[in-house]
Asker: 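Take a look at the following structure, please.
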Amino acid sequence: MTRRAVAPLAAVVAVALAAPAAAAQNGTLRAGVGKADITPRLGYYLGGWTRADRTAQGQHTRLHARALVLQRGERKVALVSVDLFMVGGGLVKHVGDALADRGFSERNVLISASHTHSGPGGYGNFPSLNTASPSLETVTDPFSFARLLDPEPADRQLYAFLVRQIATAIRRADEDRGAAQLGWGRTQLTGLTRNRSLEAHLHNHGIVKARGAGRDSDDPLGAVHTIDPDVDVLRVDKLVARRDRRGRRRIVRVPVGGWSTFADHGTVTKSTFEFYNGDHHASAMRVFEAAVRRRGRVPAGQEVLNVYGNSNEGDMSAGLDRHGPAASDYVGRAEARAMLRAWQQAGGRMTRRPVLDLRWTRMCFCGQQTEGGPVADRSQVGLPFLTGSEEERGPLFEVTGQHYEDTRNPVGAGPHGAKIAIPAGNIPNVVPLLAVRVGDRLVVSLPAEGTKEVGARLRAAVGSAVAGAGIARVVVSGLANEFVLYLTTPEEYDRQHYEGGNTHFGRQSSVLVTSEIARLAGTLVRGEPAPDAVAFDPTNGVSPEGPPYEPGAATGQVLAQPAPRVARLQRAALRWQGGRLGLDRPLERAFVVAQRRTHGRWVAVDDDLGLAMRWRVDDAGVHDVLWEVPRDARAGTHRLVVQANRYTLVSDPFEVAPSRALELVPAPAPVGRVGLALAYPAAVRDVDLTHRPSRAPLGRVTLSVGGRRLVLDARGARSITVPAAGPIVVERGGLTDRYGNANADRAVLGAAR
């Protein structure tokens, strides 16, 4: 072929490549949301903690898959979050295959794990992802030690269940599609997370500190630089035709939620709480969804979802200082408030014609050279893996007291460098990558737990690759579409903290992944085909065919009734005989419902789909449920109803009454006055389920000052001040919050100095 003939041919090829992209942008946006229950039977070990001695004995919050489907013209993409500790590439492929009739495949589905450590383990396509460490409690089972070095393959029943249910969520979202518009919002959330491997992070700045000696203030760019504070929210509103009072047709916006991301480990609830729950994500999603439904006056028939996965949370956690389900509720509510700010901001930037495009490929850790040296072609785990992370150490640490972080091989060489390796199997060395452009944002998948700095360098590299293409921001979707444990920077890897020990393909792993994602993003904005995908079977021979769970016992019998009177913030309890393994629980609907008698009929006020119930079952099939009565629950006659797959049980009625457990505490006051406030009882780890603020919003106040009786209306105030004109006497129940809960004890305060 002559040189002169090349140019016209190149132009023809360019037009051919651009044509599908142009066609994909025809028309206006259609979007839909859907979710499905992915809570399996009990008995699986809690995935994420990788401890054979910590298994699911019951449920606190349901686990869900949430999906947002976007379509414009021929281009369609599903953005999904799952309440799991990880997502295997084979799982994504099987989900895509199940939805082929709807135009989906592994190439246009983005599934990000929330990384809750309180979901099931044992569904990894590659057995190393099913590792569960033995402990003193499992020493009677000699096979538990063998399984550490040679983990079992995926549980077929659990794997098939997850594939079916995640596909169901996407299918529901696809069926929910309607005319829509979208927009992006962004805010920052600080003071909630901390960097758990601070000395490794500081090594990025060339600062060398002994483990435990680093401080946030040591970061030359400031303490906030030790975390990723960004909260990104993609808001989606449906456009629905309605008739006004005069019968005129008009288009109204109906919010359906959106897709959110924030970098925060799912480790606030610890493994000592052996119940399935979504950790802080559970509250963040439910609180956000309820607020959007209320603000948008969304009809009951329209689903509203916060599709909240995770980001580059590898070394960041809110679980260093906070522990248990009530603390998770606090963290999630803080996240929800930030997400709502970003969602509100996005409301002024909505468009019906956003750019929607994507590119997908598969890359390999195959010993390639990077600018800093080669990557490995086989996975290798380091010594710190055995003892767990800072939020909760593992069984070996409990025996030895050694964390093995900052322990390095002085003669380390090759791709794995200073890592002291242990024989713990392998993970896939080929991973999928996906870049999705939605409007002026570019979402990129990270198939691992990237650290704060890995996320920062990834955004910078991708931003450079797409410069001039109208991309305002790069958003990282972490733990997405595959799981190769951690990705650290070379500098962090050298310190061999927990994250570096769990970076499986050597010192340059993140460098290679960053460059490949940037290359993929570049093809997207230039309208070029994605780089060739490496041939690989991510399913590893695991089949999505498995038997469904059984429906549980045919009958049940109440064994113990609730107490006749239950105060708010206390727990109403019911015990009954049913079947084993939680199989009595129905999928997709409530198992236990709290009802209040109102005007002669029973009305549901809470259930186990929310945040305030937990139930469990023992090996003999004996169930018990606890309902933590909210501080604002209406007083009156209540009951608990068990709605199992094959039986129904109804408890005796009981009365819900105001709490008398609040504490009178001092509050700031000017000279000559005394300040008073009410404090809710502090939440007890692994017992209390929901957050209660430290100070109660006040209601009625009755007290005496120097013998003179005062009655005040302090509604909404957090504290009051009264003259210091003599002894101040507050009788039991003298101070109430806005719901009628009151102080427990009589108090006498002397005159202020």
Side-chain angles (χ1 to χ4, degrees), residues 59-62 269 273 275 277-280 282-291 293-294 324-334 336-337 562-574 590-598 602-615 624-642 651 653-663 678-700 715-716 718 733 735-744:
Q59 172 211 302
H60 171 211
T61 65
R62 291 287 176 94
T269 297
F273 186 72
F275 299 86
N277 76 87
D279 209 271
H280 56 89
S283 294
M285 291 187 283
R286 287 165 174 80
V287 171
F288 177 96
E289 290 163 1
R293 180 175 292 282
R294 185 172 59 252
S328 290
D329 188 25
Y330 167 79
V331 172
R333 289 175 184 276
R337 287 193 295 271
R565 185 178 185 276
V566 182
R568 296 175 184 145
L569 299 178
Q570 295 301 305
R571 286 161 290 281
L574 177 68
F591 185 23
V592 184
V593 180
Q595 297 178 336
R596 179 170 53 83
R597 191 161 182 80
T598 304
W602 291 100
V603 178
V605 294
D606 208 348
D607 56 46
D608 73 306
L609 302 178
L611 302 168
M613 280 192 189
R614 76 109 182 102
W615 59 266
D624 71 76
V625 65
L626 297 177
W627 175 44
E628 184 173 291
V629 181
R631 69 182 188 277
D632 60 350
R634 290 183 62 180
T637 304
H638 290 66
R639 69 181 186 182
L640 298 176
V641 180
V642 178
S651 80
F654 59 92
E655 294 299 313
V656 165
S659 172
R660 290 292 182 267
L662 278 62
E663 181 184 1
L678 274 177
Y680 291 112
V684 178
R685 173 178 167 172
D686 295 346
V687 175
D688 293 313
L689 305 177
T690 58
H691 168 68
R692 65 285 308 262
S694 58
R695 293 291 180 268
L698 295 177
R700 189 198 72 245
R715 277 180 294 185
R718 295 286 172 177
L735 262 66
T736 69
D737 70 2
R738 63 187 299 180
Y739 314 112
N741 306 304
N743 59 299

Asker: Between NE2 of H691 and OG of S328, what distance do you get to the nearest 0.5 Å?
Answerer: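 Between H691 NE2 and S328 OG, I get 12.0 Å after rounding to 0.5 Å.
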Asker: Do N277 and D279 touch side chain to side chain, with heavy atoms closer than 4.5 Å?
Answerer: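 Touching, per the 4.5 Å side-chain cut-off.
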Asker: Within the distance-only criterion (no hydrogens, no angle test), does the side chain of R293 pair as donor or acceptor with the backbone N or O of E289 below 3.5 angstrom?
Answerer: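 No; judged by distance alone, with no hydrogens or angles, the pair does not exist.
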Asker: Restricting to non-hydrogen atoms, name the atom on L574 and the atom on P562 that form the minimum distance, rounded to 0.1 Å.
Answerer: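 Reported closest heavy-atom pair: CD1-CD, 4.1 Å.
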Asker: Please enumerate all residues that pass ring-ring contact (aromatic ring centres under 6.0 Å, His included) together with F275, with sequence neighbours excluded.
Answerer: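 Once residues adjacent in sequence are excluded, the partners of F275 under the ring-ring contact (aromatic ring centres under 6.0 Å, His included) criterion are F273.
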Asker: What are the two closest non-hydrogen atoms of A679 and R695, and how far apart are they?
Answerer: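 Heavy atoms of A679 and R695 come nearest at CB-NH1, 3.8 Å.
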Asker: Could you give the distance from CG (D607) to CZ (R62), rounded to the nearest 0.5 Å?
Answerer: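 Separation between the atoms: 8.0 Å.
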Asker: Compare all side-chain heavy atoms of R571 with those of V566 and state whether any distance is below 4.5 angstrom.
Answerer: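 They are not in contact (no side-chain heavy atoms under 4.5 Å apart), so the answer is no.
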Asker: If the condition is salt bridge (charged side-chain N to carboxylate O under 4.0 Å, His left out), which residues does R718 pass it with, not counting sequence neighbours?
Answerer: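 Counting only residues at least two positions away or on another chain, R718 forms no salt bridge (charged side-chain N to carboxylate O under 4.0 Å, His left out).
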Asker: Grab the two heavy atoms, one from L626 and one from A573, that are nearest each other, plus how far apart they are.
Answerer: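 Taking L626 first and A573 second, the nearest heavy atoms are CD2-CB, 3.4 Å.
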Asker: Heavy atoms, side chains only, cut-off 4.5 Å: are R286 and T61 in contact?
Answerer: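 R286 vs T61: side chains touch.
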Asker: Between the side chains of D624 and R614, is the shortest nitrogen-to-carboxylate-oxygen separation below 4.0 Å, so that they form an ion pair?
Answerer: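 Yes, R614 and D624 are salt-bridged.
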Asker: For Q59 and D608, what are the C-alpha separation, side-chain angles and deciding distance, and is it a side chain to side chain donor-acceptor pair (under 3.5 Å)?
Answerer: CA-CA 8 Å; Q59 172 211 302; D608 73 306; 3.2 Å; yes
Asker: Roughly how far, to the nearest 0.5 Å, is the CE atom of M285 from the NE2 atom of H280?
Answerer: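 Here the rounded value is 9.5 Å.
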Asker: Can you find a pair of side-chain heavy atoms, one from F654 and one from L640, that are under 4.5 Å apart?
Answerer: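 SC-SC contact between F654 and L640 confirmed.
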Asker: Run the numbers on V642 and F591 for side chain to side chain contact (heavy atoms under 4.5 Å, CB included), then give the verdict.
Answerer: CA-CA 6 Å; V642 178; F591 185 23; 3.7 Å; yes
Asker: Look up atom CG in L689 and atom CG in L611, then write down how far apart they are to the nearest 0.5 Å.
Answerer: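 The distance works out to 9.0 Å.
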Asker: Within the distance-only criterion (no hydrogens, no angle test), does the side chain of N743 pair as donor or acceptor with the backbone N or O of E663 below 3.5 angstrom?
Answerer: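 Looks like no, no N/O pair under 3.5 Å.
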Asker: Using the rule given for side chain to side chain donor-acceptor pair (under 3.5 Å), can you reason through T690 versus D329, listing the C-alpha separation, both sets of side-chain angles and the distance that settles it, and then say yes or no?
Answerer: CA-CA 6 Å; T690 58; D329 188 25; 4.8 Å; no
Asker: If every non-hydrogen atom of A336 is compared with every non-hydrogen atom of A284, which pair is closest and at what distance?
Answerer: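 Answer, listing the atom of A336 first, then A284: CB-O, 3.6 Å.
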Asker: Using distance alone, with no hydrogens and no angle criterion, decide if Y680 and N741 have a side-chain donor and acceptor under 3.5 Å apart.
Answerer: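 There is no such pair between these side chains.
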Asker: Taking the side chain as everything from C-beta on, heavy atoms only, tell me whether R597 gets closer than 4.5 Å to P653.
Answerer: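 Answer no - side chains too far apart.
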Asker: Below 4.5 Å, heavy atoms only, C-beta onward: do L569 and P681 meet side chain to side chain?
Answerer: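 Yes, at least one pair of side-chain atoms sits under 4.5 Å.
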Asker: Do V603 and R596 touch side chain to side chain, with heavy atoms closer than 4.5 Å?
Answerer: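 In short, these two side chains do not touch, never coming nearer than 4.5 Å.
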Asker: So, T736 side chain and R700 main chain: donor-acceptor pair closer than 3.5 Å or not?
Answerer: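 Here the side-chain-to-backbone pair exists.
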Asker: Determine whether more than 12 heavy atoms belonging to other residues, nucleotides or ligands lie under 6.0 Å from atom CZ of R660.
Answerer: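 Check passes, neighbour count above 12.
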Asker: So which atom in G740 and which in P658 form the shortest heavy-atom distance, rounded to 0.1 Å?
Answerer: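 Heavy-atom minimum between the residues: O-CB, 3.4 Å.
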Asker: Distance-only criterion, 3.5 Å: show the donor-acceptor pairs between side-chain atoms of residues 631-638 and protein atoms not counting sequence neighbours.
Answerer:
from: T637; atom 1: OG1; to: E655; atom 2: OE2; distance (Å): 2.5
from: H638; atom 1: ND1; to: G636; atom 2: O; distance (Å): 3.0

Asker: What's the shortest heavy-atom distance between G332 and S283, and which atoms?
Answerer: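 Result for this residue pair: CA-CB, 3.9 Å.
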Asker: Would you indicate whether the side-chain heavy atoms of L698 and R738 approach each other to under 4.5 Å?
Answerer: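 Sidechains of L698 and R738: no contact.
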